Number of protein chains: 2
Amino acid sequence: MRAFAPRCASLAARSTHISRPLLQRPWHTARRCYSIKPEAASTSIPQDVDASKLVVETTKAPSQRRPNEELIFGQTFTDHMLTIEWNKNTGWTDPKITPYQNLSLDPATSVFHYAFCAFEGMKAYKDSKGQIRLFRPDKNMERFNQSSARIALPTFSSTAMIELISKFAKLEERFIPTEHGYSLYLRPTIIGTQKTLGVGPPGSALLYVIASPVGPYYPTGFKAISLEATDYAVRAWPGGVGDKKLGANYAPCIVPQRDAASRGFQQNLWLFGEEEYVTEVGTMNMFVALKDKTTGQKELVTAPLDGTILTGVTRDSILSLAREKLAPEGWKISERKYTMTELAEASAEGRLLEAFGSGTAAIVAPVRSISWKGKLVDCGLTEHEESGEIALKMKGWIEARQYGEEEHEWSHVCE
Amino acid sequence: MRAFAPRCASLAARSTHISRPLLQRPWHTARRCYSIKPEAASTSIPQDVDASKLVVETTKAPSQRRPNEELIFGQTFTDHMLTIEWNKNTGWTDPKITPYQNLSLDPATSVFHYAFCAFEGMKAYKDSKGQIRLFRPDKNMERFNQSSARIALPTFSSTAMIELISKFAKLEERFIPTEHGYSLYLRPTIIGTQKTLGVGPPGSALLYVIASPVGPYYPTGFKAISLEATDYAVRAWPGGVGDKKLGANYAPCIVPQRDAASRGFQQNLWLFGEEEYVTEVGTMNMFVALKDKTTGQKELVTAPLDGTILTGVTRDSILSLAREKLAPEGWKISERKYTMTELAEASAEGRLLEAFGSGTAAIVAPVRSISWKGKLVDCGLTEHEESGEIALKMKGWIEARQYGEEEHEWSHVCE
């Protein structure tokens, strides 16, 4: 086997270096082994995350909060972080909020070698009464668990994790600007921390949450982007992990993104297969609004969750809102496969009404045009328009629920 | 965009925390940006790796070397590590050998979120004269550069890196057992160290090499493995990164590996497509020896380097040796696509002579059987055989060159 295959994969749990290692009895076997033993691959969780055991150590040196206009996505962080360690024998340790600090990890730690990393992106908002709110955190935690399990990392109670993230967001309240459009971006992350090079399920992991205050994605109003339809590089594949929020889905997309940028396009439009199915745009889900050739019926379309499409929370919110508010107006709401050829034809016939990406950071990102086979496919905006009608409406509807202007079950008030 | 897309991706280089951060002028732009700017994505390297500038700081507390029989792959490491930092403005810093130590990294570091990690696996051997030898290090460094570039991490001079790794291996000489079959496994690794959450090319990176003394893969002789043909999960695909040694190729394969193990199979045999092409086995390349149905000619077959197959150094060595030593005996040596159906048919007709995986750790791993569609495809070994003839010969031929018993250009003596 290649050298990283375990000669005899000891899966003894290892603790990270941010706390005192626990003494573990190494997993031994008298028999020669060439791979992972089933009994070592157990995913049982002796101790689930227990939010009631949270220990909080606040910083002695609070930082100065940056002025709103200096906030840049993911560049500055709050004073604290939430951490919970896991190992396969004892399960999750007591959660801790500590001052924001470096992670000290052995250079053999599995996240550095085999990409044992998954994450989430979510935001905390301050409403007009000063309450802190999360937006559909249950959806994020559901996906976080799915992502973690897909790479043999542990799962946890969503309810406990939402409680902990709520407490963390409240502790960092002073970093959340009161101005509309501002929020606290939260980045739950899980990494494999086993410090051996054998390729197998990590015996230990670290889950942590850091937070970055962010401003509105479009401070001066929408700015439509142009895309390059990308077929030479493929983001995801059936039987792969494109529907999970794994680190492994990101690094391989950077060079195609850089190449598209060098040709003047802000993002890749990821195509799939000979049929050139439209899948995602950059790191967003993709929506198009079409008018039917025969009936003239309007249709809002996004790719179906076939295993190659990230299960976006904003995607799901847009579909729900469309079914609630657009369907009664006669719109057809479709999760179906669609191709570049279909888009180009609709565009040429004036039936491509608009196109936009969707994701947590921007909510919606309107698309002006798509470069495909040497031509520009126009996505329905006039020269002076920076957004279509549906993208604009969606942003408004979603923000109303995020900021608690419309009371809705999607908004979770942090206690 | 989803929350991790840069609101305005500042690609200001960040240094890691293992040395004092350099002051950088952040990259600013007045224009709104939604993605990576071409000028920020430059891969120019102001300063290449300079082996002559190596600084060595040896440990004050040398560890006790473990007895040979206690050596387990990738579990214990030598006293030192080799590190070189990079940032996009100044290039590579002076290389350092320091005591083996933890990496201290900001929790926002890009390797934890987006899998900016690539690695190599290679070994240092001690020959009968006590000289330290590397095996085809030029091939490893060529692939390491390709892997690194594929995820927008920096490249470097292969020659300089081989010189540095040679010095490192010589410094750790006491950890390399003199007994045949033992060696020092070397793990060159590169990680993206930019400590911001914007998705883009990391502005800084850390390359490091750690070393683990290892024993023979088969201390008591070969032990053939059984495989589960896997079609529900897909390791690699056209337009993906399966031919590069990226962390991203490993974590997603662990759950299928665990599942195969739970059914009693040591490794996955990764199939691709409706045709069920045979691609790789676990983390190894795959070889089969077949007898032609009509002519009876013997053929050694492995999958071609079509972008989904790792460019294994052992794979390349086996092909070279086969062309050198087997072709004159009438063998046909083929890099071509082959399917599970073809293997099953050959097996049923007694024409599947043997099958084996190939990689740095084991050199060859003979295969007894493959579970496929509810039946076991026999791979040509009799009940008491643990290896076929070709696998055995290959191991001998390669080891002769690794340990310098046969002087050959593949063996690099460390100066």
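Just so it is clear: chains get the letters A, B, ... in the order the sequence lines come, proteins before strands, and each one is counted from 1. Just so we're clear, the structure is a prediction, and the values are computed from it rather than from any experiment.
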Keeping R150(A) on the side-chain end and P252(B) on the backbone end, is there a donor-acceptor pair under 3.5 Å? yes

Answer with yes or no after comparing the ring centroid distance for F272(B) and W237(A) against a 6.0 Å cut-off, counting only values under it.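 Ring-ring flag for F272(B)/W237(A): true, centres closer than 6.0 Å.
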
Can you check whether F119(A) and F112(B) have ring centres sitting under 6.0 Å from each other?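 No, the ring centres sit 6.0 Å or more apart.
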
Check whether [X] gets within reach of chain B through its side chain, its backbone, both or neither, counting any heavy atom under 4.5 Å.
| X | result |
| --- | --- |
| F116(A) | both |
| A236(A) | backbone |
| V241(A) | side chain |
| P256(A) | side chain |
| F356(A) | neither |

What's the shortest heavy-atom distance between [X] and [Y], and which atoms?
| X | Y | value |
| --- | --- | --- |
| A152(A) | I254(B) | CB-CG2, 3.7 Å |
| K195(A) | F77(B) | O-CE1, 4.1 Å |
| V255(A) | A149(B) | CG2-O, 3.4 Å |

In sequence, state the C-alpha distance, the side-chain angles, and the governing distance for F73(B) and T196(A), and then conclude on side-chain contact (heavy atoms from CB on, under 4.5 Å). CA-CA 8 Å; F73(B) 173 80; T196(A) 57; over 6 Å; no

In Å and rounded to the nearest 0.5 Å, what is the CG to CD1 distance from L197(A) to I72(B)?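 Here the rounded value is 13.0 Å.
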
To the closest 0.5 Å, what do you measure between CD (Q75(B)) and CD (Q194(A))?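 Reported to 0.5 Å precision, the distance equals 7.5 Å.
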
Against chain A, work out which of V313(B), T314(B), I210(B), T230(B) has the most heavy-atom pairs shorter than 4.5 Å and name it. I210(B)

For chain A, which candidate among N249(B), I190(B), I191(B) shows the most heavy-atom pairs at distances under 4.5 Å? I191(B)

Only pairs of heavy atoms separated by less than 4.5 Å count here; which of [options] has the most with chain B?
| options | answer |
| --- | --- |
| A260(A), P238(A), C117(A) | C117(A) |
| G74(A), A251(A), G307(A) | A251(A) |
| P107(A), A115(A), G240(A), G239(A) | P107(A) |

Answer whether the closest heavy-atom distance between the side chains of N102(A) and L105(B) falls below 4.5 Å.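 No, their side chains stay 4.5 Å or more apart.
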
